[in-house]
**Q** 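Starting off with a structure, shown below.
The shown structure was predicted, so the numbers you read here are calculated from the model rather than taken from an experiment. Atom set for the values below is all heavy atoms of this structure, side chains included, hydrogens, waters and symmetry mates excluded.
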Amino acid sequence: MVAIYSLHHLLDQFDSLDKHTQWGIDFLERYAKFVKERIEIEQNYAKQLRNLVKKYCPKRSSKDEEPRFTSCIAFFNILNELNDYAGQREVVAEEMAHRVYGELMRYAHDLKTERKMHLQEGRKAQQYLDMCWKQMDNSKKKFERECREAEKAQQSYERLDNDTNATKADVEKAKQQLNLRTHMADENKNEYAAQLQNFNGEQHKHFYVVIPQIYKQLQEMDERRTIKLSECYRGFADSERKVIPIISKCLEGMILAAKSVDERRDSQMVVDSFKSGFEPPGDFPFEDYSQHIYRTISDGTISASKQESGKTDAKTTVGKAKGKLWLFGKKPKGPALEDFSHLPPEQRRKKLQQRIDELNRELQKESDQKEALNKMKDVYEKNPQMGDPGSLQPKLAETMNNIDRLRMEIHKNEAWLSEVEGKTGGRGDRRHSSDINHLVTQGRESPEGSYTDDANQEVRGPPQQHGHHNEFDDEFEDDDPLPAIGHCKAIYPFDGHNEGTLAMKEGEVLYIIEEDKGDGWTRARRQNGEEGYVPTSYIDVTLEKNSKGS
């Protein structure tokens with residue numbers, strides 16, 4: 001292993017290595033803090049993306065329909081892909097938290113513990129060497145002191161020995177003192193030599209064995225820290241690189257959603273959604289008022305009558321035109337009816353078909369529930385200990401009532417649907433006057449073309465004909481009465497206040513001279529010859545195909 005440190009140059013730099021290893025741990029923790037903040041950014045980014053998707057996703061209830069336009073479907077697909085993209089950002093954050101941040105925090109804790117142990121060993125070795133040096137120094141000082149004392153004793157003995165006045169006892173005592181100091185000096189010399197040898201040995205061991213071993217351990221620890229940082233750097237990048245394929249799929253999904261937009265299909269959906277089934281209004285006939293100018297004076301009464309009729313026809317034509325222009329303008333608003341008769345034929349047919357489909361689904365559920373209850377009842381009858389069969393009777397009765405109710409509802413709606421489909425199929429045979437009148441929505445326009453909320457007048461307005469001819473009568477001047485094609489019986493009374501209508505009482509029998517052309521009105525005649533339009537929904541019709549007239 002190539003050493004990070006030149007150990008023979010750093011034997012006296014224990015404190016410097018202490019600071020360096022502490023800096024390495026601080027740097028590791030700083031990088032861990034950086035990763036933590038990056039994780040918070042990813043989490044907040046994913047959260048904001050999810051909130052954005054939630055904000056722009058449609059708030060659908062049970063009655064809302066699925067988006068049909070390709071542009072809407074594409075946008076919702078993009079939102080779904082963006083939601084998946086947000087999930088991948090969360091995956092990046094989780095991977096960084098587990099693989100990088102969590103690993104760094106665990107490793108930093110272990111690194112601190114290991115560093116503390118190595119530094120303690122180094123300090124203990126230094127303290128032991130210092131203790132050996134103190135022992136050696138003390139023995140050295142003691143030996144030095146004893147040597148000085150022995151030298152003094154030597155000088156004192158020589159002085160007394162050369163002094164003629166000194167007694168023999170003083171000389172002998174000085175000699176004994178010299179011998180004692182010399183012996184003590186020799187002993188301290190030996191002690192100092194031993195301590196010096198021991199210190200030199202410990203010092204050699206300290207600088208060539210103990211400290212190099214501790215430094216090597218610190219070196220390995222620092223290298224492992226560097227390697228761990230390198231691994232975390234790679235893990236930081238790999239956390240995001242792993243999700244790049246999935247993110248690419250999300251982006252590809254957005255591109256595919258953009259390519260799926262079909263403007264032609266959307267336009268056709270608009271047509272299918274809003275088409276009413278009405279035919280465009282026919283051409284207005286030319287009304288020649290100049291013919292009255294050339295009438296003779298002898299025909300004055302008739303001319304006046306015709307002129308008056310012409311004026312009335314003009315007003316009628318204006319009133320009719322007024323009633324038919326709403327198809328191209330703003331549709332009159334009104335309360336929704338159970339049979340959707342307030343809607344145009346095509347929209348009414350769609351609504352009725354949707355309701356029939358829903359009722360059939362409910363009927364299927366009730367039928368399944370009935371079958372399940374019957375099976376459970378059979379089980380209870382065969383095994384009374386499992387339950388009482390009579391306890392299921394109320395639920396069975398309720399289910400049967402629901403089935404009967406749903407069947408009646410389905411039958412009623414199918415009848416309305418058949419009526420709409422029959423009228424839609426035969427609307428090409430309508431007369432011009434009916435083309436004008438069928439543009440006025442039943443229940444929203446009076447026979448005069450004006451808006452009304454009167455429940456008794458929730459029918460389409462018939463052509464105006466009191467005292468004048470309709471447009472075809474003006475053109476052909478057909479004075480012969482129309483033949484009866486059947487008869488009808490009034491189910492409800494009708495006041496017939498509006499011009500062109502015929503009042504009738506409940507139970508009254510009338511002749512039918514013109515059947516309903518899809519505008520909700522039937523032309524009828526009393527036995528006294530009075531004619532007018534009555535609401536089709538107020539009468540019970542019986543047609544006689546072979547009838548030649550009344």
Side-chain angles (χ1 to χ4, degrees), residues 1-32 103-154 177-232:
M1 179 184 296
V2 178
I4 296 178
Y5 317 118
S6 297
L7 299 180
H8 62 284
H9 294 304
L10 299 177
L11 293 177
D12 57 345
Q13 297 296 319
F14 185 81
D15 293 339
S16 299
L17 296 180
D18 183 2
K19 293 179 181 179
H20 172 75
T21 53
Q22 181 62 43
W23 171 86
I25 294 176
D26 292 342
F27 182 80
L28 187 72
E29 291 180 338
R30 184 183 180 190
Y31 178 69
E103 187 67 22
L104 281 174
M105 296 307 294
R106 287 191 296 270
Y107 187 76
H109 179 268
D110 296 339
L111 200 65
K112 289 179 181 178
T113 303
E114 183 181 359
R115 172 181 173 275
K116 183 178 180 181
M117 181 186 66
H118 294 325
L119 293 180
Q120 285 177 350
E121 290 177 356
R123 291 190 181 96
K124 286 181 181 179
Q126 187 65 42
Q127 290 173 359
Y128 179 73
L129 183 63
D130 292 342
M131 182 188 67
C132 292
W133 181 82
K134 287 181 180 179
Q135 290 177 353
M136 183 272 297
D137 188 61
N138 290 334
S139 62
K140 176 183 177 182
K141 290 179 180 178
K142 190 175 181 181
F143 171 62
E144 182 181 4
R145 186 173 59 254
E146 291 298 330
C147 286
R148 284 197 301 268
E149 292 295 332
E151 186 178 355
K152 290 180 180 179
Q154 177 69 27
Q177 186 67 25
L178 174 62
N179 292 333
L180 179 62
R181 290 298 178 183
T182 302
H183 178 71
M184 292 181 66
D186 292 338
E187 289 182 355
N188 284 295
K189 179 181 179 181
N190 294 332
E191 178 68 19
Y192 168 63
Q195 291 294 335
L196 180 62
Q197 184 179 3
N198 179 63
F199 173 75
N200 289 334
E202 292 297 333
Q203 180 176 254
H204 185 275
K205 180 181 178 181
H206 177 81
F207 286 105
Y208 289 94
V209 179
V210 178
I211 291 298
Q213 183 66 29
I214 294 174
Y215 281 8
K216 183 179 180 181
Q217 292 172 348
L218 290 174
Q219 172 189 353
E220 293 175 353
M221 181 193 73
D222 197 68
E223 287 177 349
R224 289 197 306 271
R225 174 190 65 82
T226 306
I227 293 173
K228 177 61 66 174
L229 278 173
S230 175
E231 293 175 353
C232 291

**Q** Specify the closest pair of heavy atoms between T21 and M221, including all atoms of both residues, with the distance to one decimal.
**A** CG2-CE, 3.8 Å
**Q** For the CD atom on Q120, are there more than 12 heavy atoms of other groups (residues, nucleotides or ligands in this structure) within a distance under 6.0 Å?
**A**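 Result for CD/Q120: enclosed.
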**Q** Is the closest basic N to carboxylate O distance between K134 and D130 below 4.0 Å?
**A** no
**Q** Under the 3.5 angstrom rule, does the side chain of Y208 hit a backbone N or O of Q203 as a donor-acceptor pair?
**A** no
**Q** I need the H20 NE2 to Q13 CD distance, nearest 0.5 Å.
**A** 13.0 Å
**Q** Is there side-chain contact between E220 and R224, with heavy atoms separated by less than 4.5 Å?
**A**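 They are in contact (side-chain heavy atoms under 4.5 Å apart), so the answer is yes.
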**Q** Examine the side chains of Q22 and D18 and answer whether a donor and an acceptor come within less than 3.5 Å of each other.
**A**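 Their side chains do not contain a donor-acceptor pair, so the 3.5 Å distance test is not met.
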**Q** Tell me the closest heavy-atom pair linking R225 and W23, and the distance in Å.
**A**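 Heavy atoms of R225 and W23 come nearest at NH2-CZ3, 4.1 Å.
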**Q** Answer yes or no: is there a side-chain heavy-atom contact under 4.5 Å between F207 and L129?
**A** yes
**Q** Using modelled atom types and a 3.5 Å cut-off, is there a donor and acceptor pairing between side-chain atoms of N188 and backbone atoms of M184?
**A** yes
**Q** What closest approach, in Å, do Y107 and K228 show between heavy atoms, and which atom pair accounts for it?
**A** CD2-CG, 3.8 Å
**Q** To the nearest 0.5 Å, tell me how far T182 OG1 sits from E149 CD.
**A** 11.5 Å
**Q** What is the distance from atom CG of L17 to atom NZ of K19, rounded to the nearest 0.5 Å?
**A**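 One finds 11.5 Å between CG of L17 and NZ of K19.
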**Q** Check F14 against L119 and note the closest heavy-atom contact, atom names and distance.
**A** CZ-O, 3.6 Å
**Q** Give, for atom NZ of K140 and atom CZ of F199, the distance between the pair rounded to the nearest 0.5 Å.
**A**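 Rounded to the nearest 0.5 Å, the NZ-CZ separation comes out at 10.5 Å.
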**Q** Measure the shortest side-chain to side-chain distance between E121 and Q217 over non-hydrogen atoms and say whether it is less than 4.5 angstrom.
**A**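 E121 vs Q217: side chains touch.
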**Q** Locate the shortest heavy-atom distance separating A125 from V210; write the atom from each residue and the value.
**A** CB-CG1, 3.4 Å
**Q** Report the C-alpha separation of M117 and T113 in whole Å, then their side-chain angles, then the decisive distance to 0.1 Å, and conclude whether the side-chain contact (heavy atoms from CB on, under 4.5 Å) test is met.
**A** CA-CA 6 Å; M117 181 186 66; T113 303; 5.9 Å; no
**Q** Could you check whether K141 pairs with E144 (Lys NZ or Arg NE/NH1/NH2 to Asp/Glu carboxylate O, under 4.0 Å)?
**A** no
**Q** To the nearest 0.5 Å, what is the distance between CG on D137 and OH on Y192?
**A** 8.5 Å
**Q** Under a 3.5 Å distance rule, please check whether S230 uses its side chain to pair with a backbone N or O of T226 as donor and acceptor.
**A** no
**Q** Working to the nearest 0.5 Å, report the span between CG of N190 and CD of E187.
**A**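 The distance works out to 8.0 Å.
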**Q** Would you say that R181 contacts E151 through its side chain, given a criterion of any heavy-atom pair below 4.5 Å between the two side chains?
**A** no
**Q** Locate the shortest heavy-atom distance separating A32 from M105; write the atom from each residue and the value.
**A**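 A32 and M105 have their closest heavy atoms at CB-SD, 3.9 Å.
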**Q** Taking the side chain as everything from C-beta on, heavy atoms only, tell me whether K112 gets closer than 4.5 Å to R115.
**A**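 They are not in side-chain contact.
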